[in-house]
Each structure stands twice: as C-alpha cells, then as structure tokens.
Amino acid sequence: MGTVLPEAGSGNSDSMQAYSLIAPAKINLYLEIIGDRPDGYHELAMVLQSIDLADQIDLRSNGTDYIRVHCDNPQIPTDNSNLAYKAAALMAAQFPSVYRKLGGVDITIHKRIPMGAGLAGGSADAAAVLVGLDLMWKLGLTQLELRDLAAQLGSDIPFCVGGGTALATGRGELLDPLPSVDYLYAVLAKHRSLEISTPWAYKTYRSQFQDSYVSDRSGLLDRRQRVHSGAMVSAISQRDGGKIGQCLYNDLEKVVLPAHPQIEQLRQTLAQFNPLGVMMSGSGSTVFALTESADQAEHLRHQLQAALPDPDLGIWSTRLIANGIQLLQP
Ligand code: C5P
C-alpha cells in the first residue's frame with residue numbers, strides 16, 4: 001500500500017473512473033556503452049524493441065487521499081518504491097489541482113513480465129500509469145510531454161510510452177523512431193530465480209572497461225553518428241531479418257556472462273538451434289533468440305525445453321510489435 005501524499009484532495013464519486021492498459025516489455029537489439037556522463041549514468045547507443053509479452057495495468061480513481069498499488073505477484077513491492085507508485089506520485093506533484101479535485105488512484109498490476117530480467121517490466125508499468133492518468137485526468141499531454149515526465153523516473157521509461165522500434169541515445173531517453181520489425185518473433189528464456197541488478201551490471205562494466213570510454217564531446221558525437229548509420233540500423237531499414245540477427249550486440253554481456261554461467265549456457269543452447277541471432281537483453285538475465293515466424297519460435301521453444309528440462313527455466317515465445325502502451329478498455 002502506498003503512503004499518503006501531501007495536499008491530496010477528497011475526490012468525488014462523480015469522477016470515479018477506470019482504465020485498463022497493456023504495458024509491453026522490451027528487448028535490446030543493440031546496446032553499446034559509449035562512456036561516462038556527468039550525471040553518473042552511462043552514455044548509451046541502443047536499439048530498443050517492444051514485444052508482445054506484457055503486463056496489464058488497471059487504474060481506478062478511488063476518491064481517497066491515497067495512491068495504492070496492488071499486484072498479483074507477492075514478490076513485487078507495493079509500497080512507494082514501486083515505479084508505478086512513483087509515476088502516479090509524479091503526476092500528482094505535477095498536476096496538484098487535478099489531483100486535489102479527483103483524488104487518489106488504485107493501481108492493480110497483473111504481472112506477466114518477469115522481474116530482474118532486462119525486459120523493462122517495472123518501466124513499462126510506470127509508463128502505463130503516466131499514459132493512463134493522462135487519460136483519466138483529461139490532461140491531453142503530448143507524447144513528448146509524457147516522455148519528459150517518464151525520463152524523470154527512469155532511463156527506459158520514455159521508450160516504453162510509445163514503444164515500437166527506436167534508436168535510443170543519451171542515457172536512453174533520446175529517441176529516434178526506426179522502421180518497424182514487427183515481422184520477427186523472439187523466444188525468451190530466463191531462469192526465474194536469477195535476477196540481475198542493473199546498477200551492478202553497469203558498475204562492474206565501468207570498473208573493467210572505463211579505459212575504453214569516450215570522454216570528449218566530438219568523440220561522443222562521432223560514436224553516436226556511427227550508430228545512426230551503422231549495420232543494425234541499415235539492416236532494420238532493409239527489413240533484413242537475417243542481417244538483424246547477425247547485428248545483435250550487447251556490451252553488458254561482457255560482464256554478466258562471466259559472472260553467470262547459466263546465462264552463457266542458455267545462450268549457447270539457443271544458438272545451436274540456428275535462429276537468426278541470440279543475445280542477452282539489457283543487463284539480463286533474459287536471453288532471446290530471433291526467428292522469422294511464429295511456428296519457428298514455437299519449435300525453438302520446444303527444442304530449448306527438451307534440451308534444458310529445468311523447472312526454474314521460464315521460456316516465452318513472443319512477437320516483436322510496433323507499439324508501446326495501449327488502452328485495453330475505457
Ligand atoms: O534509469 P534507471 O533507473 O533505469 O537506471 C538503473 C541503473 O542503471 C542506474 O542506477 C545506473 O546504475 C544504470 N544506468 C547507467 N546508465 C544508463 C542507464 C542506466 O549507468 N544510461
């Protein structure tokens with residue numbers, strides 16, 4: 001349960017409303033760490049991609065002074081550390097008169113995206129709360145305004161708002177849309193008990209590779225430019241699934257795989273079935289393999305299950321999609 005926000009209003013039963021939203025996960029088709037930033041984050045060049053593995057977020061105005069979070073997975077915190085709570089608190093702080101008038105909100109998370117997985121599950125939930133409260137409170141925010149709010153909460157959240165396929169630079173919040181890759185499919189595999197801390201992955205990378213960081217401004221612009229015109233972006237523009245598979249890249253594999261041999265094993269096992277390509281997503285622990293059809297993805301899922309019959313191993317067959325947060329029902 002969330003805590004009370006200052007100056008919250010009493011709400012009013014006439015304004016009780018409910019919205020349900022679909023919050024898709026993302027995978028990283030490309031993740032290059034370019035260097036350090038003055039704000040302590042890393043300068044990145046990424047290609048982010050939405051998939052049809054998604055949480056459902058129900059929002060209901062509750063006419064009280066409270067923001068409350070509920071979740072069907074008891075492992076997810078429902079206090080004010082939950083990103084969905086933080087998203088609602090940010091909206092309340094940004095639009096105090098609307099919040100005073102309409103009161104608090106109950107946020108129910110139907111969790112389908114695994115945690116600590118490198119799939120931006122918490123970020124997707126927060127993005128859904130921003131989009132949902134914009135609708136519920138009739139604010140009429142633009143995508144850009146929603147993304148600016150999202151960037152205050154986390155680096156992946158701006159992408160989760162609009163989703164699809166995008167080049168992400170800066171700390172991940174500067175987005176350039178790319179042509180859709182929604183003709184490809186992905187098999188995802190993750191040991192349920194293995195969650196990777198993103199701060200740990202970046203910190204470990206910094207301690208091992210800081211010497212190779214680009215530090216001057218022109219070097220940084222040059223590296224960004226090279227990604228814009230690079231092999232992955234051109235493979236996407238050419239709608240060449242085979243080439244996209246070959247161009248998959250993730251710098252964080254360099255620190256996460258040596259520390260977690262079971263992820264390396266997953267990667268190697270998936271690769272031996274010859275998908276278009278295999279890569280770890282974000283800071284892990286999910287590994288994904290791209291395929292050209294839903295049938296191939298289903299087949300690959302069965303092959304992996306037979307090769308690694310481990311009850312701790314979660315396997316999902318998914319499709320790459322062209323959208324972010326979607327309204328399910330008014
Ligand atoms: O922005 P977000 O809270 O999702 O980031 C989680 C952690 O990942 C940060 O605390 C930081 O350690 C690391 N990170 C980073 N550079 C980025 C994005 C994330 O170092 N561009």
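As the structure lists them, so they are numbered: ligands from 1, and atoms in each ligand from 1.
Nearest non-hydrogen protein atom to atom 6 (C) of ligand 1 is Thr198 CG2, 4.2 Å. Looking from atom 10 (O) of ligand 1 to the surrounding protein, the closest heavy atom is Pro199 CG, 4.1 Å. The nearest heavy-atom contact from the protein to atom 17 (C) of ligand 1 is Tyr41 CD2, 3.5 Å. Protein heavy atom nearest atom 13 (C) of ligand 1, with residue, atom name and distance: Tyr202 CD1, 3.3 Å. The single protein non-hydrogen atom nearest to atom 4 (O) of ligand 1 is Ser155 N, 3.7 Å, given as residue, atom name and distance.
Close approach to Arg171 involves these atoms of ligand 1, each under 4.0 Å from a residue heavy atom: 1 (O), 17 (C), 18 (C), 21 (N). Residue-ligand proximity, Leu44 to ligand 1, at heavy-atom distances under 4.0 Å covers atoms 17 (C), 21 (N). Atoms of ligand 1 found under 4.0 Å from any heavy atom of Gly154 (numbered from 1 in listed order, with element): 1 (O).
Annotation: His42 places an N or O atom under 3.5 Å from an N or O atom of ligand 1; distance criterion only.
Ser283 pairs in a side chain to side chain donor-acceptor pair (under 3.5 Å) with only one of the listed residues (Thr204, Asn250, Thr198), which is Thr198.
Proximity of Asp156 to ligand 1 is not established, as no heavy-atom distance is less than 4.0 Å.
Remark: Lys254 is not positioned above the aromatic ring of Tyr205, lacking an NZ or CZ atom under 6.0 angstrom from the ring centre and at most 45 degrees off the axis.
Evaluation of the side-chain hydrogen bond (donor to acceptor under 3.5 Å, both in side chains) test over residues 284-293, restricted to residues two or more places apart or in two chains, returns none.
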**Report entry** Verdict with supporting geometry, Ser234 and Lys243, side-chain hydrogen bond (donor to acceptor under 3.5 Å, both in side chains)
**Finding:** CA-CA 9 Å; Ser234 83; Lys243 203 166 148 206; 3.2 Å; yes

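His110 and Asp55 are not linked by any side-chain donor-acceptor pair at a separation below 3.5 angstrom, with hydrogens and angles left out of the test. Judged by distance alone, the side chains of Asp211 and Tyr213 never bring a donor and an acceptor atom under 3.5 Å apart. In this model, no donor atom of one side chain and acceptor atom of the other lie less than 3.5 Å apart for Gln17 and Ser61.
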